[in-house]
Engineer: 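After the C-alpha cells below, expect a handful of questions from me.
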There are 2 protein chains.
Amino acid sequence: MTNAFVEKLRGFGPLSEQDDAALQAATTRARNYPRKHDLIREGDRPGPVFVMLKGWACRYKILPNGTRQVMAFMMPGDCCDLHINVLAYMDHGIQTITQATVATISHEEMTGMFDDHPKIAKAMYISQLVDEGTLRAWIVSMGRRSSIERVAHLMCELYLRARNVTACEEEQLVLPVTQALLADALGMTPVHINRVIKTLREAGAMMLSRGSLQIADPGKLVNIAGFDENYLHRRMRSVSA
Amino acid sequence: MTNAFVEKLRGFGPLSEQDDAALQAATTRARNYPRKHDLIREGDRPGPVFVMLKGWACRYKILPNGTRQVMAFMMPGDCCDLHINVLAYMDHGIQTITQATVATISHEEMTGMFDDHPKIAKAMYISQLVDEGTLRAWIVSMGRRSSIERVAHLMCELYLRARNVTACEEEQLVLPVTQALLADALGMTPVHINRVIKTLREAGAMMLSRGSLQIADPGKLVNIAGFDENYLHRRMRSVSA
DNA sequence: CGCTGGATTGACTCGGATCAAGTCGAGTGG
DNA sequence: CCACTCGACTTGATCCGAGTCAATCCAGCG
C-alpha cells in the first residue's frame, strides 16, 4: 500500500518499482501531530524535509500588527522545499490545520535518493515547480481578482488538488478549513468571507459548511473564478527530458 | 571581468576559480532585446534557462478581463527556474522592462554544471529559494498590507536587491519602472499608485521620479513598510551542509 | 511644433473592512 | 437531561480606502 506522497509523484511521471520502494522507505518514519501545531516556526533553522502523509497544514506568516497571512495549503502528498536545508533560517512557519501524520526525510537521504533515482528527482522538481506556480497564481488572485472570484478560485484549486490524492464521491469533498483560515489565506476578513460564501451558495455554484465542500455547479464556479488549471501542470510533457 | 550572475551567486557562497570560469563560460552566449519584448509567453514550451545580464524584466500574467498582474521583477544576476524544462508549458510570461542583455543556458549545460560544480549547484538552489521567499513576501504584501505599506515594501525590496548587483551612489538608485508597472505589480491602479508615491514623498520617506528612486529617510521607509529583510536571506548559514 | 506616453489631480462611487450583535452546534459537567 | 461554554458561523449598520472616470500637465522627440 503506497502513501499519498508516492501517489502524487507517480502522477508526475512513471516510477520503477525500485523508485516506489525507495520513496516508501524514506517516508516510513512518520509522526502524528495535533491540529494547530507548528511543525516549524519563522526564524527556526530548517531541518529535514517535511512530507504530509495525512491531514492538512499551511505555510503562514504573522505580521507585526498581529494579522496573519497564509501563503499555501499543504495536503497529503505535499512536501516542503527540497533544498530547504541550504537556508540559514525559515522566513515563514508551517502549522498543521488538522491532526496530521508527517514524515521527514533527512538531507542525506534526500541527496542519496536524487543520485540513485533520477525519475524521483524529476518528479520532485516538477512538484516543486507546480508549488511555485501555485504561489504565482495566488499572487494573481490577491492582486487582480475580486473577493468572489478569489474564493471561487481557491475552491477550484483545492478541489482539483484534493481530488488527486483522496478518493471522493461526486462533487463532494472534505475541506478542513474554517472561514477564519480562508480569510487569512485570501487577505480578507472572516465576515466578508462569510458573505461571499453565502453569495456563492445562493448563486447555486457551491456550498461550504462544516468542513465539507460541495460543488453544485462546476461550470458556474469555474466561470466565476476565471479558473484556468494550467498552473497546476497536470497535463504532462510528452517527450521526456 | 565577471558578470552580474557570477557576482550574485558568489554572494551566496564562495566559488572556486573553476566555478567562476564555468559560470562565465555558460553565460557568454547572450542576446540583446528591446524593451517590452516577451522572452517567453504563457503557453510556450519552456526552453533554456534565462539569465539576466543587463536590464530588467518581469514575470507576468494577463487575465481574461485584460488586467495584468506582475509577479516578479528580474534584475541583472537573476535567472528563471533551473528545472523549468521539465514542465510542458509556461504558466506565465516573461517580458523585458528595459532594453536587456539575456544569456541562455541549455538544459544539458545546466546538468553538466550541477554535476561538476557542487558549489554552483548550492548557490543556485539558495538563489531559487530566495526567489520563492520573495514570492511569498509578495503574497503577504498583497494580502495584509495597505497600499502605502505595499509600495514602501516593494521599494525596500528593490532597493536592497538592486544594491547587491549595481554600484549606486548613496540612497539613490535607478529604478526603470513606470507607475503603471508598479500598479500591475502591486494590484492597484496607476492613479492610486501616484497618490501613494506623493504621500511618501510628502512624508519625506522617498522620492520616485523619472525612473530614479531616492530614499530620503531609510528608517522611515522601512518603518512604514514593516520591512523585514529576512526573506532575502542575505545572512548566510554559517555551517555548510 | 504637435504628438505621445507617462504623471498628476479632482469628483464621485463602491467593495470590503469594521464594529457590534446575535445564532448555532458540539462538547462537558452537574 | 439540562445548563453552560466555547468556537465557529451569520447578519446588520456604518465607514473608509481604493477604484473609476475624466481632465490636465509635462517632457521628450520626430
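Each chain gets a letter, A, B and so on, in the order the sequences are listed, and its residues count up from 1.
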Engineer: If you round to the nearest 0.5 Å, how far is CG of B/L221 from CG of B/D217?
Structural biologist: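 B/D217 CG to B/L221 CG: 8.0 Å, rounded to 0.5 Å.
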Engineer: Rounded to whole angstroms, how far apart are CG on A/L186 and C1' on C/dG15?
Structural biologist: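 Rounded to the whole Å, the gap is 16 Å.
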Engineer: Without decimals, in angstroms, what is the distance between B/I148 CD1 and D/dC16 P?
Structural biologist: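 Value for this atom pair: 15 Å.
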Engineer: Side chains of A/Q172 and A/S212 only: does a donor on one sit below 3.5 Å from an acceptor on the other?
Structural biologist: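 There is such a pair (donor and acceptor under 3.5 Å, judged by atom type) between the side chains of A/Q172 and A/S212.
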Engineer: Encode nucleotides 25-30 of chain D as B, S and - characters from 5' to 3', where the letter depends on protein heavy atoms closer than 4.0 Å: B to the base, S only to sugar-phosphate, - to neither.
Structural biologist: ------
Engineer: May I have the distance from A/L175 (atom CG) to D/dA8 (atom P), rounded to whole angstrom?
Structural biologist: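 It is 16 Å, rounded to the nearest whole Å.
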Engineer: For the residue pair A/D38 and A/Y60, confirm or rule out a side-chain donor-acceptor distance under 3.5 Å.
Structural biologist: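 There is such a pair (donor and acceptor under 3.5 Å, judged by atom type) between the side chains of A/D38 and A/Y60.
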Engineer: Check nucleotides 20-22 of chain D for protein N or O atoms closer than 3.5 Å to its own N or O atoms and list the pairs.
Structural biologist:
{"from": "D/dT20", "atom 1": "O4", "to": "B/R195", "atom 2": "NH2", "distance (Å)": "3.1"}

Engineer: Could you tell me if A/Y231 and A/E157 have a donor-acceptor pair between their side chains, going purely by distance under 3.5 Å?
Structural biologist: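 Per modelled atom types, A/E157 and A/Y231 side chains form a pair under 3.5 Å.
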Engineer: Testing B/N3, B/T101, B/T2 one by one against B/T27 for a side chain to side chain contact (heavy atoms under 4.5 Å, CB included), which residue passes?
Structural biologist: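 So, applying the side chain to side chain contact (heavy atoms under 4.5 Å, CB included) to B/T27 and each of B/N3, B/T101, B/T2, only B/N3 qualifies.
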Engineer: Between atom CG in B/L200 and atom P in C/dT8, what is the gap in whole Å?
Structural biologist: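 My rounded result for the distance is 13 Å.
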Engineer: Can you tell me the distance, in whole Å, between the CG atom of B/L181 and the P atom of C/dG5?
Structural biologist: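 Rounded to the whole Å, the gap is 16 Å.
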Engineer: A/R145 near the nucleic acid: base, sugar-phosphate alone, or nothing, with a heavy-atom cut-off under 4.0 Å?
Structural biologist: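 No contact.
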Engineer: I'd like to know whether CD of B/Q99 has more than 12 heavy-atom contacts from other residues, nucleotides or ligands below 6.0 angstrom.
Structural biologist: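 Atom CD in B/Q99 is not crowded, with 12 or fewer foreign heavy atoms closer than 6.0 Å.
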Engineer: Angle class for the B/H37/B/Y33 ring planes (parallel below 30°, perpendicular above 60°, tilted otherwise)?
Structural biologist: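 Parallel.
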Engineer: How many Å lie between CZ on A/R35 and P on C/dA26, as a whole number?
Structural biologist: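 For the pair A/R35 CZ and C/dA26 P, the rounded distance is 15 Å.
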Engineer: Establish, with yes or no, whether the OP1 or OP2 oxygen of C/dA7 is under 4.0 angstrom from a side-chain nitrogen or oxygen of B/N194.
Structural biologist: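 No.
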Engineer: Nearest 0.5 Å, please: how far is CE in B/M142 from CE in B/M71?
Structural biologist: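 Result: 11.5 Å between the selected atoms.
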Engineer: Contact class for B/R201 (heavy atom, under 4.0 Å): base, sugar-phosphate, or nothing?
Structural biologist: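 Sugar-phosphate, no base atom in range.
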Engineer: Side-chain N or O of A/T178 versus OP1/OP2 of D/dA8: is the shortest distance under 4.0 Å?
Structural biologist: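 No, because none of the side-chain N or O atoms of A/T178 sits under 4.0 Å from OP1 or OP2 of D/dA8.
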Engineer: Mind checking A/S146 for me? I need base, sugar-phosphate or nothing, with any heavy atom below 4.0 Å counting as a touch.
Structural biologist: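 Since only primed, P, OP1 and OP2 atoms lie under 4.0 Å of A/S146, the category is sugar-phosphate.
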Engineer: Would you classify B/G187 as touching base, sugar-phosphate or nothing, given that sugar-phosphate means primed atoms plus P, OP1 and OP2, and contacts are heavy atoms under 4.0 Å?
Structural biologist: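 Result for B/G187 = sugar-phosphate.
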Engineer: Starting at NZ of B/K198 and ending at C1' of C/dG10, how long is that distance when rounded to a whole Å?
Structural biologist: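 Computing the B/K198:NZ to C/dG10:C1' distance gives 10 Å.
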Engineer: Can you tell me if B/R234 and B/N164 form a side-chain donor-acceptor pair at under 3.5 Å?
Structural biologist: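 Yes, B/N164 and B/R234 have a side-chain donor paired with an acceptor closer than 3.5 Å.
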Engineer: Check whether any side-chain nitrogen or oxygen of A/Q179 sits under 4.0 Å from OP1 or OP2 of D/dT10, and answer yes or no.
Structural biologist: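 Yes.
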Engineer: Please give, in whole Å, the distance from C/dG5 P to B/L182 CG?
Structural biologist: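 Taking atom P of C/dG5 as the reference, CG of B/L182 is at 19 Å.
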Engineer: Please compare B/P190 and B/R144 by the position of their nearest nucleotide in DNA chain C and report the one closer to 5'.
Structural biologist: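 The residue whose closest nucleotide sits nearer the 5' end is B/P190.
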Engineer: For the atom pair CG (B/L175) and CE (B/M206), what is the distance rounded to the nearest 0.5 Å?
Structural biologist: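 Interatomic distance, B/L175 CG to B/M206 CE, rounded to 0.5 Å: 8.5 Å.
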